[in-house]
Amino acid sequence: MTILHLCLIFSALLFSLGLAAALARSSGILVLLGIELMLNAANINFIAFWKFSPNPENGTGAMFAIFSIAVAAAEAAVGLALIIAIYRHQSSIRLQDANTLKG
Amino acid sequence: MTTFPIITLLIIAVITLGITAVALFLKNIIHCSILLAVSWVGIAAFYLWAGAEFVAFAQVLVYVGAVSMVVLFAVLLTQRKQLDLEKLTGTVGFRELGKLAAAMVATVLVIAIATTPLTGSFDAINEPVITVRDIGIQLRDNHIGALLIVGVLLTVALLGAVVVASAEPKTEE
């Protein structure tokens with residue numbers, strides 16, 4: 001068991017917590033927050049593998065994590081806008097209520 | 001010398017996982033989002049531990065600063081009437097199935113990680129091995145195309161978010 005194993009297990013547990021939130025909650029906002037947590041777990045893996053790579057001075061993993069954070073921010077903005085649009089049509093952010101395509 | 005980074009990592013991991021687990025199973029959405037902001041701070045602490053200081057700054061700015069504010073605004077915009085909090089937590093069957101699936105995924109992942117032999121040098125050094133200056137130079141020299149594309153992507157995504165979320169004028173009928 002090395003430090004890299006510990007980092008990967010930390011990331012796997014965080015991913016599972018995000019998955020549990022995305023699957024078990026029915027509020028749209030909390031589902032989106034669970035997806036954000038899963039993205040964060042993936043970023044932790046990038047950083048962990050980069051830190052223990054043979055030549056970390058290249059900075060490839062850190063660069064990838066930065067771009068990944070930027071894309072995650074765009075995804076969060078669009079997702080929350082969609083939730084607000086759903087709320088305007090259904091007056092609820094319960095995902096079980098959002099079962100029609102036509103608003 | 002080698003035990004100190006492990007202890008720091010364990011403290012960061014336990015605190016972050018504990019806060020996240022508490023946050024995700026609270027009933028009040030506002031409490032959830034504020035606690036999740038704290039757990040994003042924990043992830044930023046992990047990045048600092050790993051020596052990726054610029055990524056940690058970006059994490060604090062983007063997640064703790066921006067995403068948590070957007071989430072709070074979404075919560076406030078969608079909770080005009082007093083919500084039946086019990087209704088927001090899903091049916092019991094869904095909740096239990098979701099937790100069961102997540103627990104199974106966690107088991108499979110942890111077993112797979114723990115049984116994988118990883119070779120290489122694992123001397124945890126707390127010095128940042130890449131400085132902000134290096135990252136700036138790399139962004140300018142090697143990744144300038146990706147940087148421009150991310151800028152365009154963010155602009156398009158935020159404009160699209162405004163268009164989707166803004167109320168359409170009631171001109172029809």
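So you know, we letter chains A, B, ... as the sequences are listed, proteins then strands, and number each from 1. Computed over heavy atoms, backbone and side chain alike; hydrogens, waters and symmetry mates excluded.
Between A:L30 atom CG and B:C32 atom SG the span is 4.5 Å, to the nearest 0.5 Å. Separation of atoms CG (A:L14) and CZ (B:F46) is listed at 10.5 Å; rounding is to 0.5 Å. The CE atom of A:M63 sits 9.0 Å away from atom CZ of B:F54, with the distance rounded to the nearest 0.5 Å. Atoms OG1 and CG, from A:T60 and B:N142 in turn, are 9.0 Å apart once rounded to the nearest 0.5 Å. Once rounded to the nearest 0.5 Å, the distance linking CG of B:L9 with CG of A:L4 reads 10.5 Å. One finds the CG atom of B:L139 at 5.0 Å from the CZ atom of A:F67 (value rounded to the nearest 0.5 Å).
Cluster membership check: B:L17 does not share its hydrophobic cluster with A:M38, using side-chain heavy-atom separations under 4.5 Å among Ile, Leu, Val, Met, Phe, Trp and Tyr. A continuous path of Ile, Leu, Val, Met, Phe, Trp and Tyr side chains, each step under 4.5 Å between heavy atoms, connects A:L13 with A:L37, placing both in one hydrophobic cluster. A continuous path of hydrophobic side-chain contacts links B:I29 to B:L72 [ILVMFWY only; heavy atoms under 4.5 Å]. No path of Ile, Leu, Val, Met, Phe, Trp and Tyr side chains, each step under 4.5 Å between heavy atoms, connects A:I83 with A:L95, placing them in separate hydrophobic clusters. Using a 4.5 Å cut-off between side-chain heavy atoms of Ile, Leu, Val, Met, Phe, Trp and Tyr, with links allowed through other members, B:W49 and A:F46 fall into different hydrophobic clusters.
Using a 4.5 Å cut-off between heavy atoms, A:I29 contacts chain B through its side chain alone, with no backbone atom that close. Only the side chain of B:L36 comes within less than 4.5 Å of a heavy atom in chain A; its backbone stays farther off. Both the backbone and the side chain of B:I135 have a heavy atom closer than 4.5 Å to some heavy atom of chain A. For B:V62, the part sitting under 4.5 Å from any heavy atom of chain A is the side chain, from C-beta outward, and nothing else. Neither the backbone nor the side chain of B:L100 comes within contact range of chain A; no heavy atoms are under 4.5 Å apart. For chain A, the nearby part of B:Y63 is the side chain; its heavy atoms alone come within less than 4.5 Å. A:I44 touches chain B through backbone and side chain together, each having a heavy atom under 4.5 Å away. With a 4.5 angstrom heavy-atom cutoff, B:V55 touches chain A via backbone and side-chain atoms both. In this structure, no portion of B:A66 lies under 4.5 Å from any heavy atom of chain A.
Nearest heavy atoms, B:L109 versus A:F15: CD1-CD2, 4.2 Å. Listed here is the closest heavy atom pair of B:A102 and A:S16: CB-O, 3.5 Å. A:L80 and B:A74 make their closest contact through CD2-CB, 3.7 Å (heavy atoms, listed as atom of the first residue, atom of the second, distance). Residues B:G51 and A:W50 approach most closely at O-CH2, 4.1 Å, considering heavy atoms. In terms of heavy atoms, A:L33 sits closest to B:W40 at CD2-CH2, 3.7 Å. Looking at every heavy atom in both residues, A:L23 comes nearest to B:G98 through CB-CA, 3.7 Å.
Most heavy-atom pairs under 4.5 Å with chain A, from the set B:V67, B:L158, B:T16: that is B:T16. Comparing B:A23, B:A106, B:A157, B:A13 by heavy-atom pairs within less than 4.5 Å of chain A, the highest count is held by B:A13.
Counting only distance, with no hydrogens or angles, the side chain of A:R88 and the backbone of B:S166 share a donor-acceptor pair below 3.5 Å. In this structure, A:H5 contributes its side chain and B:P117 its backbone to no donor-acceptor pair below 3.5 Å. A donor-acceptor pair under 3.5 Å links the side-chain atoms of A:R25 to the main chain of B:L24, judged by distance alone.
By the 4.5 Å heavy-atom criterion applied to side chains, B:L153 and A:V71 are counted as neighbours.
Side-chain atoms of B:Q59 and A:N40 form a donor-acceptor pair, as typed in the model, at a separation below 3.5 Å.
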**OP:** Test side chain to side chain contact (heavy atoms under 4.5 Å, CB included) on B:H143 and A:F64 and set out the steps.
**Re:** CA-CA 10 Å; B:H143 306 287; A:F64 211 116; over 6 Å; no
